[in-house]
There are 2 protein chains.
Amino acid sequence: MSQHRHPGAPGRAGAVPALPDLPEATVARLPEYLRALHALADTGHETVSSEGLANAAGVNSAKLRKDLSHLGSYGTRGVGYDVTLLIEQIESVLGLTQCRSVALVGVGNLGHALAGYDGFASRGFRIAALFDADPSRVGEEINGLVVRHVDDLARVAVEESISIGVIATPAPAAQAVADQLVAVGVTSILNFAPCVLSVPEGVDVRKVDLAIELQILSFHEHRKASLTALPGGLAATDTQEAIGT
Amino acid sequence: MSQHRHPGAPGRAGAVPALPDLPEATVARLPEYLRALHALADTGHETVSSEGLANAAGVNSAKLRKDLSHLGSYGTRGVGYDVTLLIEQIESVLGLTQCRSVALVGVGNLGHALAGYDGFASRGFRIAALFDADPSRVGEEINGLVVRHVDDLARVAVEESISIGVIATPAPAAQAVADQLVAVGVTSILNFAPCVLSVPEGVDVRKVDLAIELQILSFHEHRKASLTALPGGLAATDTQEAIGT
DNA sequence: AGGCGCTTGTGAAGAGGTGCACAAATCGCG
DNA sequence: CGCGATTTGTGCACCTCTTCACAAGCGCCT
């Protein structure tokens, strides 16, 4: 998880239509539900049960029902959920009704791929500008966008009304880029650089580190290897819980 | 989170030197500590306090101490942790003492970038083979590796003793690739395709979906926008959280 | 209209993670 | 040698998330 502190919570916000104050874990799963729902809609389904949607999203059906219950009662007992209605609701909650403009900084190996990734556009995000610090890369055209120098960030960010910044630079440059993004008023950052960013309060940072995912897999692999290397195979249940502290 | 069920082994035998049975949350943070430790080692630090390392890793110092305590007492009270020793311990626990071979399937936009990502090699992973289903891509050389056809997966996987598979194909192809990987004996998969994979028990799948991260950010952005639009103007300035620095 | 089967929504219990606060342990110094 | 400064390791309370189990609600069929 990343840094997420949302301070004003105790003072209940008054009469705003819907500020559901969703649990973080639920928010993290909503996009997955949304993807599954779109797939269902594309295959002609009009309604879906919690069981069916849970399977499509890879979660437990009870968890799914509790998650959806946090955004209101949009299901019909005995029937299920209306696919179209649920899509609208989730998109509304996630703030996807408006198309958000993304600035991508760092057009190296990874940044290049991100610039061409069509999963963003199909989910309502528009990559509005590309930046790099390397002058030899400035001017290059990627996917219909021209790479600009990072010094132009301030001007362009305002022009394009950027709401999310993506950092795909090498680690040493990431903090400086983050500072620039914050200075321009960006309050949401997706960081692919393998380093910790320090940002002022109110700015959300999410981190994606590809190497870390591999290391976590490595741990489980290592663990499984230790287990299968045991004498007697895995059915040997006579020795157990010998491990204390 | 991803699918992590290790149910079939209720009696996990315990005669092995150290099977700490770490909490998942701890495992997920160890790589971050490791990165911070390497950075400290490179700058000449020989020891580090929990406070110092916690700052470098972007977490709370109490959490860090508890995490490290799960792998044993490798710190010295009044002094801190020996950087080199701690690196060795964490790498040992994560199973990084041996270089793991990775097979990357799907050499499209994203796969291309992953193949060239040097963060893998620097963390002890070796991309041992590249695959694609598109014949026009087979034979292409990327970063010193030749792209092979996915039908050769079985043969090559054995030759190269692949231990982790990375799926960077379009979503519709992902399940078939996963099945092939599993058939070859791969039990750890990192999935970049936006879909749910179903795999037999004992196989670990971790999912990275770039669009989902953006959608989570979008939610918080949406939420912040709603808050600042409130009448009472309970601006977020009353609580200063001073996030990890 | 009434009953029946199906599905949602939710209270409650359980599991897991977090952070505080402090005792225990170690080092350096007088 | 003992004392104080410092830092680890951890018991405990709190909190969030998960899972179970079931009542309430809905539609269909007779």
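Since this is a predicted model, take the numbers as computed values, not measurements. Reminder, nothing fancy here: chain letters follow the sequence lines and each chain counts from 1.
The residue Thr26(B) sits apart from the nucleic acid: no heavy atom pair falls under 4.0 Å.
For the pair Leu114(B) and Ala168(B), the tightest heavy-atom approach, listed with the atom from each and the gap, is CD1-CB, 4.2 Å. Heavy-atom minimum distance, Arg123(A) versus Ala211(B): CG-CB, 3.9 Å. Of all heavy-atom pairs spanning Ala28(A) and Ile216(B), the tightest one is CA-CD1, 3.7 Å.
Residue Ser73(B) places at least one side-chain N or O closer than 4.0 Å to OP1 or OP2 of dG9(D). One finds no side-chain N or O of Ser49(B) lying less than 4.0 angstrom from the OP1 or OP2 phosphate oxygen of dT7(D). Applying the 4.0 Å criterion to OP1 and OP2 of dT26(C), one finds that Tyr81(B) has every side-chain N and O outside that range. Dashed line: the shortest gap from a side-chain N or O of Ser50(A) to OP1 or OP2 of dT7(C) is not under 4.0 Å.
The nearest whole Å value for the distance from the CG atom in Asp67(B) to the P atom in dT18(C) is 7 Å. For the pair Glu51(A) CD and dG5(C) P, the interatomic distance rounds to 19 Å; values are reported in whole Å. Atom OH in Tyr74(A) sits about 16 Å away from atom P in dC26(D), given to the nearest Å. The distance from atom CG of Asn60(A) to atom C1' of dA15(C) is 14 Å, rounded to the nearest whole Å. Between Leu71(A) atom CG and dT8(C) atom C1' there is a gap of 14 Å when expressed in whole angstrom units. Atoms CG (Leu53(B)) and P (dT6(D)) sit 20 Å apart, rounded to a whole Å. Between Leu68(A) atom CG and dT10(C) atom C1' there is a gap of 14 Å when expressed in whole angstrom units. In this structure, His70(B) places its NE2 atom 12 Å from P of dG16(C), rounding to the nearest Å.
Side-chain atoms of Lys66(A) and base atoms of dT19(D) include a donor and an acceptor less than 3.5 Å apart.
Relative to the side chain of Arg77(A), the nucleotides dA24(D), dC27(C), dT18(C) differ in distance, and dA24(D) lies closest. Of the candidates dG9(D), dT18(D), dG9(C), the closest approach to any side-chain atom of Arg65(B) belongs to dG9(D). If you check dT7(D), dG9(D), dT18(D) against the side chain of Lys63(A), the one that comes closest is dT18(D). With distances taken from any side-chain atom of Ala25(A) to the nucleotides dC17(D), dA21(D), dG9(D), the minimum falls on dC17(D). Of the candidates dT18(D), dG17(C), dG19(C), dG17(C) carries the atom nearest the Pro23(B) side chain, counting heavy atoms from C-beta on.
Using a cut-off of 4.0 Å between Lys/Arg side-chain N and Asp/Glu carboxylate O, Asp204(B) and Arg206(B) are scored as not salt-bridged.
Although no hydrogens or angles enter the test, the distance criterion places a donor-acceptor pair under 3.5 Å between the side chain of Gln175(A) and the main chain of Ser198(A).
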